[in-house]
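Only one structure is covered here, and it is reproduced in the block below.
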Amino acid sequence: MQNQYDPATLEAEVQSYWVNNKTFEVTEDLEKEKFYCLSMFPYPSGKLHMGHVRNYTIGDVIARYQRMLGKNVLQPMGWDAFGLPAENAALKNRVAPAGWTYENIDYMKQQLKRLGFGYDWQRELATCQPEYYKWEQWLFTELYKKGLVYRKHAVVNWDPVDQTVLANEQVIDGRGWRSGALVERREIPQWFIKITDYADELLEEIDQLEDWPDQVRTMQRNWIGRSYGVQMDFGIEGEKDHLTIYTTRPDTLMGVTYVAVAAEHPLALRAAEQNPALAEFIEECRQGGTSEAELETIEKKGMLLGVNAVHPVSGELVPVYAANFVLMTYGTGAVMAVPGHDERDHAFARKYGIQIKQVIQPKDGSTLDIQAEAYTEKGVLQDSGPFTGQTSEDAFESIAGWLQAKGKGGKSKNYRLRDWGVSRQRYWGAPIPMIHCTHCGIVPVPLKDLPVRLPEDIVYDENTINPIKNNPEFSDCTCPECGGDAQRETDTFDTFMESSWYYARYTTPGADSMLDQRANYWLPVDQYVGGIEHAVLHLLYARFYHKLMRDAGLVNSDEPFTRLLTQGMVVADTYYRDQSDGSKHWYNPTEVDVSCDDKGRPLSATLKEDAGSVEIGGIEKMSKSKNNGVDPQTLIDRYGSDTVRLYTMFTSPPDQSLEWSDDGVEGAYRFIKRLWALAETSQDQLSQSLPTEIEYDDSQKEARRELHELLKKALYDYQRQRFNNVVSACMGMTNILYKLGDSTADLAIVKEGLSLVLRLLAPIAPHVTHHLWQTLGFGNEILESEWPEPDEQALKQESLPYVVQVNGKVRATIQVPADADKPAVEKIALENENVKRFIGDSTVRKVIVVPNKLVNVVAK
RNA sequence: GCCCGGGUGGCGAAAUUGGUAGACGCAAGAGACUUAAAAUCUCUCGACCUUAGGGUCGUGCCGGUUCGAUUCCGGCCCCGGGCACCA
């Protein structure tokens, strides 16, 4: 009687085997090649979502694959534990963020264990632990001493009703998410780290990150955005002062017809003292959020200051506008405007009736209607005084030279990248270890006083938004330098600070320093896996942080992550009903029945609860707001971890989005049961030893050839991380084995085939393969087995199929002896009846033979 | 608005990188087993035409390069990710 496949029991047994054998606990071993495989750690939001399951399955598959290749594999896990959701939960449920966070960690950790991920839990960390954030506080004080940290004013979203700073996420259509009040831009002093000092290195080393997706490398290059341009001074009429601007198009300088400054620019503020309308306009410009997407899409508005700027070359006076799209805190707070050759300036000029001048003509000499449309290409200068007739490229040099000679400017390198603002006006984060002393000024907290602990024992009531602001118990302190009364900084770090170095801390658990020598054994991370949404910010900050740690002597590599895999999103169908107030109420796919037409296309959907119809809202990223998340726990309980893992690997390639389907999970389950049944039915025969010399007949040889062909493909797909194709190949191999009979030779092929399929699947479905490997007597530990290789002998063929095309269209398939040369292949192709028929009366002009593939006959 | 991706059957996808488009799986249909259902197994499955040999069309749309284009080039449309305080 064959055993039933019972994943719950089986998986628990295999998991305790791993725990008892400390299978995934690793130490530095100089005898073996190391492999550090890391998945982006989760924010402990409550429970795992499908995106986590996908991310960690991909990581675990890679880790186990590398381990089966014989490497010393480190795969750790931890928690990105500081952040906004804990504060939101605290406000909603009156619970302290710390407790909420630790409870979530406990639950999610148990879920990760249930999925069978091979983590070394000894190295687990949570970024809200003082022993963790102590060291980033320390590094920050060191950077301050080196001059890499400074303080300046920067804009934040201010909610005037709740009297609090809002995250961009909390600004919805320009209003505070809780209060609904119009948000204002406000400037407050904040801490910055000089990432721009490392801009060139961060940019240039992207070229060496060969195993990163091109997409991510391009995004980082564009984000850093190094440009070469010219900086120059415009005079201000009747004043000694001047406005400094930067442009990448100095060749258009003679086409400047106005200058725009930020509404908060001192020049604008001064002009507003005499001009109530301007003062009102400046006030209006303060409204709205700070996000770039918002600033770039707002209606461009401006107002004359009544002040003129002096053109640096012509000496002409051009009007100065205050404009809502120029920001005081970016660049110099002033821009030159060339409506003839810039689209935004053109639109603005048309709106306010400003002169539009053409100073560039196309190189092909064509004429333009510059009043109708800006010409933004490079060309030849016209009406540009001494520079007329030069090409844009030449004019760049000569204008820069002219400005430099007159002491009015010169060439300048510029970056789009801005310094990293790390201050957050929030409670649930790592305190910034700085002290404000009335005598000594700013004093960093010395190492002996670190960590600056965040009080966790906090009572929340309805008025508590930030329990450490205006809290003398936290902020009162003595100055480490003069011993006098002083105040602690009450802002906390951006949570990107914690996520920028956790990968390094995993390598040195328990170290009484930021890192120790163990870090240089494991680093850099060989494979990093995480969502594409982190392509720029997190991955750029982590690269930066690695260089900071290198320059502090803590690591000896330049880059933290050698190979990067950015996984796609998990998406699912959405269903909703329109509400009377115009909003939509979203239903979870599990609450809905969908009816389909005879082709299987969805026609309509009804709610299970009341049988009434619901709208089909299309496929979207799984999210709380669209209520289309599928709880992985339900699936794990029903099918087991192997099925969930296999399904997520099989459904789409790791870097593409994964569309959820319950039926697909059923299919993955069916495959595992098929594999199980095959192994169990023939278990008795298979576990016996079979003769070593076996004569295979032609169809058995063909079966073996196909098996090894699929094996070859699977191995190739492991290398290029197309795990969906690996699963396809395993399914194909299993189908071949199912067609075999029970002769000794057939059984030998089944046994051989199973040993291949089990090893190929071991990284993906580790529990069932571990069990079957033992059952069939292949060995005790599949993870320690030899990684399979195709049998070249089995792959040999006597004749090969060729496709024959006539003028590019397939007309026949022919069998050609494997050793035939090109003329022989050509001869066989031209003798084919159907080929002859399509050549007909026309003459054969050319015959193209692609070895082992196809013949194309060109006939006219 | 700016930067980066993606678009292939009813659906998820494959095509070893310019060489047979649709492997593998889901759904659907037919059949076998069963008193029946479930499970399992077998077959069919891009569209249209067909004298049943096969033929024509087909990889978002329009054009180009090539003996040959899902793949390369140019232009467009649609969908998604990021935009510095969500993580």
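Chain letters run A, B, ... following the sequence lines, proteins first, then strands; residues in each count from 1.
- With sequence neighbours excluded, the residues forming a ring-ring contact (aromatic ring centres under 6.0 Å, His included) with Phe325(A) are Phe348(A), listed by chain and number.
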Protein within reach of the bases, or only the backbone? For nucleotides 70-78 of chain B, mark each nucleotide 5' to 3' as B, S or -, using heavy atoms under 4.0 Å.
---------

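- Counting non-hydrogen atoms under 4.0 angstrom, Trp420(A) reaches nothing in the nucleic acid.
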Under a 4.0 Å heavy-atom criterion, the protein footprint on nucleotides 51-57 of chain B, written with B, S and -, is ---SSSS

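- Using C1' as the reference atom, C11(B) and C76(B) are 28 Å apart when rounded to the nearest Å.
- Identified under the side chain to side chain donor-acceptor pair (under 3.5 Å) test for residues 529-539 of chain A, with sequence neighbours left out: Tyr528(A)-His538(A).
- Across U20(B), A15(B), C4(B), the shortest atom-to-atom separation from the side chain of Asn222(A) is found for C4(B).
- Annotated as anti: G7(B), whose glycosidic dihedral deviates from 0 by more than 90°.
- Among the atoms of the strands shown, none is found under 4.0 Å from any heavy atom of Tyr738(A).
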Considering only distance and modelled atom types, tabulate donor-acceptor pairs under 3.5 Å from the side chains of residues 81-91 of chain A, sequence neighbours left out.
| unit_1 | atom_1 | unit_2 | atom_2 | d |
| --- | --- | --- | --- | --- |
| Glu87(A) | OE2 | Tyr427(A) | N | 3.1 |
| Glu87(A) | OE2 | Trp428(A) | N | 2.6 |

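- Taking 4.0 angstrom as the limit, Thr495(A) places a side-chain polar atom (N or O) nearer than this to OP1 or OP2 of A87(B).
- Considering only residues two or more places apart in sequence or on other chains, Asp6(A) meets the side chain to side chain donor-acceptor pair (under 3.5 Å) condition with Thr9(A).
- Applying the salt bridge (charged side-chain N to carboxylate O under 4.0 Å, His left out) definition to pairs two or more places apart or across chains, none involves residues 722-738 of chain A.
- In this view, Glu377(A) satisfies the side chain to side chain donor-acceptor pair (under 3.5 Å) rule with no residue, not counting sequence neighbours.
- For A15(B), the OP1/OP2 oxygens have a side-chain nitrogen or oxygen of Arg722(A) closer than 4.0 Å.
- Between C67(B), A87(B), A27(B), one nucleotide has an atom nearer to the side chain of Ile848(A) than all others, and that is C67(B).
- Phosphate proximity of G19(B) to Asn856(A): absent, as no side-chain N or O sits under 4.0 Å from OP1 or OP2.
- Across all strands, Ala535(A) comes closer than 4.0 Å to no nucleic acid atom at all (heavy-atom distances).
- Using a 4.0 Å heavy-atom distance criterion, Ser499(A) is classed as making no nucleic acid contact.
- Residues meeting the ring-ring contact (aromatic ring centres under 6.0 Å, His included) test with Trp420(A), sequence neighbours left out: Tyr541(A).
- Backbone-only engagement by Tyr43(A) is indicated by non-hydrogen atom pairs under 4.0 Å involving sugar-phosphate atoms exclusively.
- With salt bridges taken as basic N to acidic carboxylate O contacts below 4.0 Å, one links Arg424(A) and Asp494(A).
- At the phosphate of C83(B), neither OP1 nor OP2 sits under 4.0 Å from any side-chain N or O atom of Asn168(A).
- Using a 4.0 Å heavy-atom criterion, one finds that Pro801(A) contacts no nucleic acid atom at all.
- Gln805(A) comes within 4.0 angstrom of a base, heavy atoms only.
- Under the 90° criterion around 0 for the glycosidic angle, U34(B) counts as anti.
- The side chain to side chain donor-acceptor pair (under 3.5 Å) search around Arg811(A) returns none, not counting sequence neighbours.
- Taking only side-chain nitrogens and oxygens, Arg670(A) comes nearer than 4.0 Å to OP1 or OP2 of A27(B).
- Look at Arg151(A) and Glu489(A) and you find a salt bridge, because one of the NZ, NE, NH1 or NH2 atoms lies within 4.0 Å of a carboxylate O, short of that distance.
- Evaluation of the side chain to side chain donor-acceptor pair (under 3.5 Å) rule for Tyr198(A) yields Asp551(A) as partners, not counting sequence neighbours.
- The existence of a salt bridge linking Glu709(A) and Arg705(A) is confirmed by a sub-4.0 Å separation between a basic side-chain nitrogen and an acidic carboxylate oxygen.
- Two residues, Pro42(A) and Glu296(A), neighbour RNA chain B, and the one matched to the more 5' nucleotide by heavy-atom proximity is Glu296(A).
- Among the atoms of the strands shown, none is found under 4.0 Å from any heavy atom of Met40(A).
- Between Lys469(A) and Asp491(A) there is a salt bridge, since at least one side-chain N of the basic residue sits less than 4.0 Å from a carboxylate O of the acidic one.
- Within 4.0 Å of Val847(A), counting heavy atoms only, lies no atom of the nucleic acid at all.
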Go ahead and write out RNA chain B as dot-bracket, 5' to 3': ( ) for pairs within the strand, [ ] for ones crossing earlier pairs, | when the partner sits on another strand, dots for unpaired; Watson-Crick or G-U wobble, both distances under 3.5 Å.
(((((((..(((......[....))).(((((.......))))).((((....))))..(((((..]....))))))))))))....

